[in-house]
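Reading through the structure tokens given below for one structure.
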Amino acid sequence: MITVTSAITDQPMDARHFRTVLGHFPTGVVAVTSLNSDGHPVGMTVGSFTSVSLDPPLVAFLPDKRSSTFPVIRESGRFCVNILSAAQEGVCRQLARKQDEKFTSIDWSMSPAMTPRIADSIGWIECEIDSVIDAGDHDVVIGKVLALDVHVLHSPLIFFQGGYGRFASTSLTAPAEADLFHPLRIVDQARTEMGAAANELNAEICASIVIGDQLVLIGSSVANSLGTAPHIRLGQRMPFAPPLALPLIAWKDDAAIDTWVASAGPGIDSTLVRNAVDRVRSRGWSLVLRSDEQVRFERAVAALPLRNATREQTDELMAAAGSLVLDGYEPAELEGNQQYHVRVISAPVFDEAGDVVLLLSVYQLPRLLSGDDVKRYLDRLMHAAAQVTATIGGTAPATIESKVVAA
């Protein structure tokens with residue numbers, strides 16, 4: 001039994017002890033920016049930012065009353081909250097200094113609302129000051145949200161026990177959008193098995209789905225030894241065109257497969273695509289090898305923004321997909337003693353109707369694997385897919401179940 005004694009006295013609280021105890025509560029770090037009367041950027045580092053209200057949308061931060069920057073922000077009437085990433089500790093320290101030219105080494109741009117947005121921040125929230133409330137040696141600044149968005153998906157900067165660090169989650173999901181609610185519930189159920197497989201293989205296990213004519217990357221579990229940065233951009237959407245993510249189409253009916261195969265670009269042999277689909281359905285998995293064409297495709301995906309891709313970006317993605325070589329993208333045979341540079345291995349998850357609802361893929365593999373090593377990765381991934389299928393009450397085709405049992 002633990003006995004806790006407490007006493008209420010009239011003695012003043014020790015400030016150092018207060019900070020020490022509260023320092024055990026980790027906080028996110030943001031940069032609050034605005035413009036001075038001359039139109040120059042001003043900013044301050046804040047560890048006391050919080051959401052306040054959804055309706056109306058309100059946020060708040062608590063500047064020290066001794067701050068020389070907040071009076072300038074208050075006079076402006078508007079501010080931008082820049083959510084700093086773990087890689088922006090330098091930006092954080094620069095804005096925390098007491099100097100006039102804080103932005104000399106900070107890359108930033110002006111927003112349409114005339115507030116400074118700091119480059120490479122995870123996201124931004126633009127506000128106008130709604131009210132300022134007295135709170136001891138700090139003020140509580142309530143901001144009415146005018147606009148907000150996520151820019152990049154990185155680990156956030158965290159302040160904890162007097163030092164900066166990062167949020168170390170190894171299981172990540174895409175931002176929730178209306179058409180992702182059901183798939184994200186499936187990913188939640190798959191999370192434990194994805195994490196176990198990632199750690200056993202010392203790799204990354206990603207989840208993707210098809211919504212309409214789009215391929216969407218919605219979940220990732222990264223091995224503890226690899227850190228927290230996912231290989232894929234969660235929430236990324238791209239056209240679901242041949243020969244991408246073959247297991248997501250392989251168990252559809254013939255009419256659906258024929259329609260999808262017919263949508264292949266002019267550089268893709270539709271007969272080879274159909275053969276690859278049949279091969280994936282027969283063996284229950286898909287594998288992609290490294291090639292110049294595959295690297296071009298991966299770069300086109302990386303250049304695609306989460307939203308509002310330009311026509312040029314989409315055209316390059318489709319051209320890159322159309323240039324993929326089927327022998328390397330989905331090889332027919334693997335020799336046990338031959339070395340392979342594998343980019344990704346994928347296996348399907350089935351629902352109760354026997355339809356593929358999720359594709360699990362292994363990324364961040366060793367540069368070269370023997371055919372026997374590839375089989376080890378395949379067996380573990382197929383086991384993970386079977387476990388997730390069972391968890392969600394799904395039913396895999398008999399041919400898939402027999403391969404998992406045999407493994």
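Since this is a predicted model, take the numbers as computed values, not measurements.
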Inset, instruction - Measure the spacing between OG of S286 and CG of L244 and express it to the nearest 0.5 Å. - result: 10.0 Å
Inset, instruction - Calculate, to the nearest 0.5 Å, the distance between atoms OH and CH2 belonging to Y377 and W285 respectively. - result: 15.0 Å
Inset, instruction - Kindly check if the number of other-residue, nucleotide or ligand heavy atoms within 6.0 Å of CZ (R299) is above 12? - result: no
Legend entry - CE/M110: more than 12 non-hydrogen atoms of other groups inside 6.0 Å: yes
Legend entry - Sub-4.5 Å side-chain heavy-atom contact between V42 and F79: no
Inset, instruction - Apply the test side chain to side chain contact (heavy atoms under 4.5 Å, CB included) to residues L201 and R376: give CA-CA distance (whole Å), side-chain angles for both, the deciding distance (0.1 Å), then the verdict. - result: CA-CA 9 Å; L201 297 176; R376 179 173 64 85; 4.1 Å; yes
Inset, instruction - For residues F70 and V132, determine if any side-chain heavy atom of one lies less than 4.5 Å from a side-chain heavy atom of the other. - result: yes
Legend entry - Main-chain N/O of N224 paired to N199 side chain as donor or acceptor, under 3.5 Å: yes
Inset, instruction - Can you see which heavy atom on C206 is nearest to which on Y363, and at what distance? - result: SG-CD1, 3.4 Å
Legend entry - Residues R191, D188: salt bridge by 4.0 Å N-O rule: yes
Inset, instruction - Return the set of residues passing side chain to side chain contact (heavy atoms under 4.5 Å, CB included) with R290 (not counting sequence neighbours), or none when no residue passes. - result: D292, V295, H341, R343
Legend entry - Side chains of T33 and N82, donor plus acceptor under 3.5 Å: yes
Legend entry - Any side-chain heavy-atom pair of Q189 and V388 under 4.5 Å: no
Inset, instruction - Check whether any side-chain N or O of T389 sits under 3.5 Å from a backbone N or O of F350 as a donor-acceptor pair, and report yes or no. - result: yes
Using residues 139-147 as the side-chain source, report each donor-acceptor pair under 3.5 Å to any protein atom, sequence neighbours left out, with the distance given to one decimal.
none

Legend entry - Donor-acceptor pair, side chain of Q88 and main chain of A119, under 3.5 angstrom: yes
Legend entry - N-O pairing of R281 and D278 below 4.0 Å: yes
Inset, instruction - Output the distance between atom CD (Q364) and atom OG (S225), rounded to the nearest 0.5 Å. - result: 9.5 Å
Legend entry - Full working for side chain to side chain contact (heavy atoms under 4.5 Å, CB included) between T391 and E193: CA-CA 10 Å; T391 298; E193 183 59 29; over 6 Å; no
Legend entry - Side-chain ion pair, D179 and R237, N-O less than 4.0 Å: yes
Inset, instruction - Could you check I249 against V277 for side chain to side chain contact (heavy atoms under 4.5 Å, CB included), going step by step and ending with a plain yes or no? - result: CA-CA 8 Å; I249 192 71; V277 170; 4.2 Å; yes
Inset, instruction - Kindly determine whether V357 and I209 satisfy side chain to side chain contact (heavy atoms under 4.5 Å, CB included), including the steps that lead there. - result: CA-CA 7 Å; V357 290; I209 59 170; over 6 Å; no
Inset, instruction - Identify, with sequence neighbours excluded, every residue that meets side-chain hydrogen bond (donor to acceptor under 3.5 Å, both in side chains) alongside D373. - result: S370
Inset, instruction - Count the heavy atoms of every other residue, nucleotide or ligand shown that sit under 6.0 Å from CG of N36, and state whether that count exceeds 12. - result: yes
Inset, instruction - Indicate yes or no for a side-chain donor-acceptor contact from S221 to the backbone of A198 under 3.5 Å, with no hydrogens or angles considered. - result: no
Legend entry - Note, P63 side chain near V46 side chain (heavy atom, < 4.5 Å): no
Legend entry - Shortest non-hydrogen contact from I122 toward P156: CD1-CA, 3.5 Å
Inset, instruction - Could you tell me whether the side chain of Q94 and the main chain of K102 form a donor-acceptor pair under 3.5 Å? - result: yes
Inset, instruction - Measure the spacing between CD1 of I345 and CG of L289 and express it to the nearest 0.5 Å. - result: 9.5 Å
Legend entry - Min side-chain heavy-atom separation L180-I211 under 4.5 Å: yes
Legend entry - Backbone of A396 reached by a side-chain donor or acceptor of W251 within 3.5 Å: no
Legend entry - Heavy-atom closest contact (Y340 atom, E335 atom, distance): OH-N, 2.6 Å
Inset, instruction - Measure the shortest side-chain to side-chain distance between V30 and I125 over non-hydrogen atoms and say whether it is less than 4.5 angstrom. - result: no
Legend entry - Atom pair CG (L148) and CD (E126), whose distance is rounded to the nearest 0.5 Å: 9.5 Å
Inset, instruction - Examine the side chains of Q313 and T310 and answer whether a donor and an acceptor come within less than 3.5 Å of each other. - result: yes
Legend entry - Heavy-atom pair of closest approach, residues V222 and S220: CG2-OG, 3.7 Å
Legend entry - Check: D38 side chain, H40 main-chain N or O, donor-acceptor pair, under 3.5 Å: no
Inset, instruction - Before accepting this row, confirm whether a basic side-chain N of the pair D258/R274 lies closer than 4.0 Å to the acidic partner's carboxylate O. - result: yes
Inset, instruction - Say whether, by atom type as modelled, one donor and one acceptor occur between the side chain of S323 and the main chain of A320 under 3.5 angstrom. - result: yes
Inset, instruction - Locate the shortest heavy-atom distance separating A309 from T314; write the atom from each residue and the value. - result: CB-OG1, 3.8 Å
Inset, instruction - Hey, could you give me the CD1/CD distance between I158 and E89, rounded to the nearest 0.5 Å? - result: 12.0 Å
Legend entry - Closest non-hydrogen atom pair between V72 and S68, with its separation: CG2-O, 3.9 Å
Legend entry - Side-chain donor-acceptor contact under 3.5 Å, E75 with S37: no
